[in-house]
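Input: a single structure, listed below in structure tokens.
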Protein chains: 2
Amino acid sequence: MADDEHEGPERGTDSVPADEARPGPRRGAPTIYDVAQVAGVAPSTVSRTFSRPGRVNSETADRIRKVAAELGYRTNPMARALSTTHTNLIALVVPDITNPVYFEIINGVQDEAAEAGYIVVLVDSRESDRQERDALERALPIVDGIVLGTSRMSDAAIRMIAKQKPMVVINRAVREIPSVVPDNPRGVRRALEHLGELGHTTVTYLAGPEASWADGMRWRGLREASLELSVHVRRIGPLAPTVAGGIAGAKAWLQAPTTGVIAYNDLVAIGFMRAVQARGVRVPEDVSVVGYDNIFAADLVTPSLTTVATPRRALGSAAVRNLVAQMKGAHPRGGPPVVVPVKLMERSSTAAATEQP
Amino acid sequence: MADDEHEGPERGTDSVPADEARPGPRRGAPTIYDVAQVAGVAPSTVSRTFSRPGRVNSETADRIRKVAAELGYRTNPMARALSTTHTNLIALVVPDITNPVYFEIINGVQDEAAEAGYIVVLVDSRESDRQERDALERALPIVDGIVLGTSRMSDAAIRMIAKQKPMVVINRAVREIPSVVPDNPRGVRRALEHLGELGHTTVTYLAGPEASWADGMRWRGLREASLELSVHVRRIGPLAPTVAGGIAGAKAWLQAPTTGVIAYNDLVAIGFMRAVQARGVRVPEDVSVVGYDNIFAADLVTPSLTTVATPRRALGSAAVRNLVAQMKGAHPRGGPPVVVPVKLMERSSTAAATEQP
DNA sequence: GTGAAAGCGCTAACAA
DNA sequence: TTGTTAGCGCTTTCAC
């Protein structure tokens, strides 16, 4: 281990009491210049070794890598970013981390991003247009691309931002912007089919927030399916996409009950069930309810909730794949959204229709 | 709108078919030099205007800001980072985003970080020591500090990293490293007290993962409280901190039932309830169960779960406050952990003890 | 295949 | 208070 003697004194200096070295950037972290000097090559060669392997003789490269390892060299991301103008960061925007729907999306995004060598920056928009724009504005200059997971911003605002950085939108279609969405029409259709097969002739749709693109899609899909399947659908809402929203929906529903109910999402469905159960209405005996999303809690409540499972992890990873392609130079395809399939999870909150409650 | 004529031709060029302008860094984004020139000052003055307001004449500053606004100047974070060596990014490490326990922590961290002008980078360690180290290793060079939300790494590994960047640990105490933890001893004590008051004389503790620092704390707290309160405690485990873990725990518990059960966390409690209910055991009539954490689903299950609420949002924000102080130069205080209070939520899964089931 | 040198955009002494 | 001048560490032509 008789190293290059140049190292001697410096190492020695380095080993003063660690207490002295307060946390922070390592003073004198080795740079390409240090490596270059020890390896007896030019800095540019060291740079190439790490940024363009292959553009350098494999023997010199080996030597350089060895020296780098010995010196503990790590390429400085900021310096690299300054000259290349990309950071290997992507922003993931979600309206509310607290909403169980996003966990899996986050996971999908994380996984795929990690695989592609990107780090993700979380932007929580707190369900607010303003917050979302501000937070995004702050993150924008440091990221290479953006995944918009269910945005609350206007199409115009979204397009504005998409002009500045590659972007892909989840759970929403915005013209000219690549997007990936679950197969909502199919989802609500399956839900309605299921209820129809169980003999329900009229079902109530507990609608989501007015601004929700997905809600529009679902309601439309429901109406279309309604015709084909000759099941009547009614609509209550708009409702907040939460347990509280479901409770509010229940109040309205009690005025004019139906034997079947399809909710905007699982949270609403759960709120609805609790509220009607509290009034003595039995689920599924008196009313069958179908949720949407298949969140974790759907399988925990009593009765367990029949629901349309959206492939949220797939949504997240598909989005990142698309984004990475864009960042690698592919032109953003303004085509139709990528749609990923959904699946009906039949559980215990639905049963054959009996008489009107 | 007769702008500076210099802009004319370039703007024109800029408005060619948008398809041509592939997404990416705005070509020729204005720099401090552009602003300086137009404002008739030196670049350094522009720099100061934004990085050290106050160190520049307020009139010139106004003028500069005006020009900057007109030109659409935005300071380049990468360039700034390169010369200052800090990025205004902090890393938040959580073992599993999917675990409901972390949502609120994430929120607390996000809020406090935003307030302090930091952006958070999410590092999901997938409950794996390896993954955590790798991911952290990647994020390390670009962040100014780290919040470790329930780490799976060894104390030594943690200390290693803390040498490089300011850090604060949540849910765990590591010597020499600032940390913030919930009042676990108090939490389990309250749980046991509650059960004791209800007449339970023997309770089973459904233990968490072996590697869990919190589990150790809770078990220890339980044993101590057991003496004082003269309630017998038994232990089953280690168990995975999941619904599945709870189901496994139920199997063991059925061999030797007790009228009271305290679970490592809510997920375990929920799994336990489901499993014993499936065997015909009634909750709370036959067995009272207390969870830990008060996750969202705790109030959704049947019966709703009595549980110890940990102030997770407070945990997150306290951690960031401490971290920011460190990054601002305060020496990391190796003192005792900051402990935040917990609270017992009495719901429907606990009731007076009857005979042994 | 490798080296020399010019930036990337900003901050930070040091002068004036 | 403001200007001048070096860098920060890396990438990237352009020669050799």
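In what follows, every chain begins at residue 1, and chains take the letters A, B, ... in the order their sequences are listed. These numbers come from a predicted model, not from an experiment.
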So B/Val46, base contact, sugar-phosphate only, or nothing? Heavy-atom distance under 4.0 Å. nothing
Closest non-hydrogen contact found for A/Thr45 with A/Thr49 is O-OG1, 2.7 Å
Please report the distance, rounded to the nearest Å, between CD1 in A/Ile64 and P in C/dG3. 8 Å
Is the distance from OP1 or OP2 of C/dT11 to the nearest side-chain N or O of B/Thr84 less than 4.0 Å? no
Quick one: label A/Arg48 by what it contacts on the DNA or RNA (base, sugar-phosphate, nothing), any heavy atom closer than 4.0 Å. base
Separation of D/dT11 P from A/His86 NE2 (nearest whole Å): 9 Å
Are any of A/Arg52's side-chain N or O atoms less than 4.0 Å away from OP1 or OP2 of D/dT12? yes
Below 4.0 Å: OP1/OP2 of D/dT2 and any side-chain N or O of B/Thr60: yes
Indicate, yes or no, whether a donor-acceptor pair under 3.5 Å links the base of C/dC10 to the side chain of B/Tyr33. yes
Answer with base, sugar-phosphate or nothing: what part of the nucleic acid does A/Ser47 contact at a heavy-atom distance below 4.0 Å? base
Under 4.0 Å, counting only non-hydrogen atoms across every strand here, what does B/Tyr73 touch: a base, just sugar-phosphate, or nothing? sugar-phosphate
Tell me the interatomic distance from B/Leu82, atom CG, to D/dG7, atom C1', rounded to whole angstroms. 9 Å
Choosing from C/dA12, C/dT11, C/dC8, which nucleotide comes nearest the side chain of B/Ser44? C/dA12
